[in-house]
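Structure, as structure tokens:
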Amino acid sequence: VKTAASAAPPSSGYTDRWLQRNLLNFSELALHPTLLANLRDQGFERPTPIQAESIPPALAGKNLVGLAQTGTGKTAAFVLPILQRLSAGRPGGVRALIVTPTRELAEQVNATVVSLGRGMGLRSAVIYGGVGMIPQERALRAGVDIVVACPGRLLDHMGRGTVRLDRVEILVLDEADRMFDMGFLPAIRRILQALPAKRQTMLFSATLAPELRELVASAAPEAVTVQIGQVRPAHTIAHALYPVPNHHKTGLLLELLRHANTGSVLIFTRTKHRANRLLQLIVREGHSAAA
Ligand code: ADP
């Protein structure tokens with residue numbers, strides 16, 4: 001067993017290379033030339049797995065359920081098909097609605113809409129609570145093709161008649177599991193009622209609770225499901241597995257802690273007893289720790 005240092009984990013580099021070899025290029029996805037140029041500018045050469053699997057059915061107008069975690073590239077997986085579709089069709093009114101659980105996510109998604117949509121002549125607005133209504137109303141009144149919104153504030157605008165959703169062709173429910181956890185399902189149902197029945201719906205979620213399955217059945221009938229296995233964790237996390245015999249586990253862990261260049265570490269054990277035992281050993285090494 002080699003001890004860890006901060007070297008890249010052995011498995012992820014190799015799985016990445018395998019994926020890169022076996023995945024197609026963006027140019028094979030029949031995207032608008034401006035989108036291809038914007039992808040190049042962003043340094044996106046090849047689609048990530050969720051993009052490679054979602055974009056073709058999404059471009060074909062199918063309803064879609066994408067089961068993938070954050071950090072897998074799912075934002076571009078729905079933003080690219082939206083931009084492609086809106087670049088064709090007849091302009092006028094809000095044609096794409098993206099609903100997200102948090103303001104931060106709404107801003108992030110809109111940033112991707114802006115960067116990948118550069119030069120496409122499409123306008124977007126971001127709508128969430130905790131800030132003034134007036135600038136949002138002004139943006140909506142000026143006319144937008146794409147709205148990225150959190151559910152509560154979107155309902156406020158709907159109630160005031162400052163946003164009209166009767167021309168929406170594409171709906172995206174992003175991080176649906178989080179929206180469910182945050183109690184937004186009733187709001188989502190009310191938003192759905194304001195949308196044309198004839199539309200494309202894409203729902204993204206890390207997992208599908210039974211309530212979300214119901215939502216999919218009613219809001220996105222006959223959806224194509226795309227599931228991305230745990231190829232690797234989020235971009236920000238290095239992931240490694242060390243197969244070691246039992247009697248070496250503690251020694252290896254302490255060695256890893258010696259090399260860890262971070263102030264906070266979370267360790268999971270199978271039993272309380274083991275957690276307490278490990279705590280003693282870790283503290284004896286001079287770390288401050290709690291069980
Ligand atoms: P998610 O929406 O799944 O949380 P993001 O769309 O934010 O993930 O993507 C995670 C990161 O990967 C972002 O920094 C994004 O710019 C980058 N990214 C997305 N798609 C690609 C791609 N095809 N090639 C390279 N980088 C990409």
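The basis for the numbers below is simple: all heavy atoms, side chains too, and nothing from hydrogens, waters or symmetry mates. We count ligands from 1, going down the list as the structure has it; atoms in each ligand are counted the same way.
- For Thr72, a nitrogen or oxygen atom sits less than 3.5 Å from a nitrogen or oxygen atom of ligand 1, counting backbone and side chain alike.
- The shortest N or O to N or O distance between Gly43 and ligand 1 is not under 3.5 Å.
- Residues His32 and Thr34 bring a donor and an acceptor atom of their side chains to less than 3.5 Å of each other.
- Of all the heavy atoms of Gln69, the ones lying under 4.0 Å from any atom of ligand 1 belong exclusively to the backbone.
- A salt bridge does not link Arg178 with Asp181: every distance from a Lys NZ or Arg NE/NH1/NH2 to an Asp or Glu carboxylate oxygen is 4.0 Å or more.
- At a 3.5 angstrom cut-off on N or O pairs, Gln108 does not count as close to ligand 1.
- The backbone N or O of Pro196 sits less than 3.5 Å from a side-chain atom of Arg199, completing a donor-acceptor pair.
- With Ala68, Ala76, Gly71 as candidates, the residue nearest to atom 1 (P) of ligand 1 on a non-hydrogen basis is Gly71.
- Put simply, CG on Leu165 and CZ on Arg167 are 12.5 Å apart, with the number rounded to the nearest 0.5 Å.
- Between Phe26 and ligand 1 there is a heavy-atom distance shorter than 4.0 Å.
- Annotation: Arg277, atom CZ; neighbour count of heavy atoms from other residues, nucleotides and ligands within 6.0 Å does not exceed 12.
- Geometrically, ligand 1 and Phe44 share no nitrogen or oxygen pair separated by less than 3.5 Å.
- Taking the six-membered ring for Trp and thresholds of 30 and 60 degrees, Phe204 and Phe78 have ring planes inclined between 30 and 60 degrees apart.
- Residue Thr70 has no nitrogen or oxygen atom sitting less than 3.5 Å from a nitrogen or oxygen atom of ligand 1, judged on distance alone.
- Using a 4.0 Å heavy-atom cutoff, Arg46 is listed among the residues neighbouring ligand 1.
- Taking each heavy atom of Asn63 and Thr201 in turn, the nearest pair found is OD1-N, 2.9 Å.
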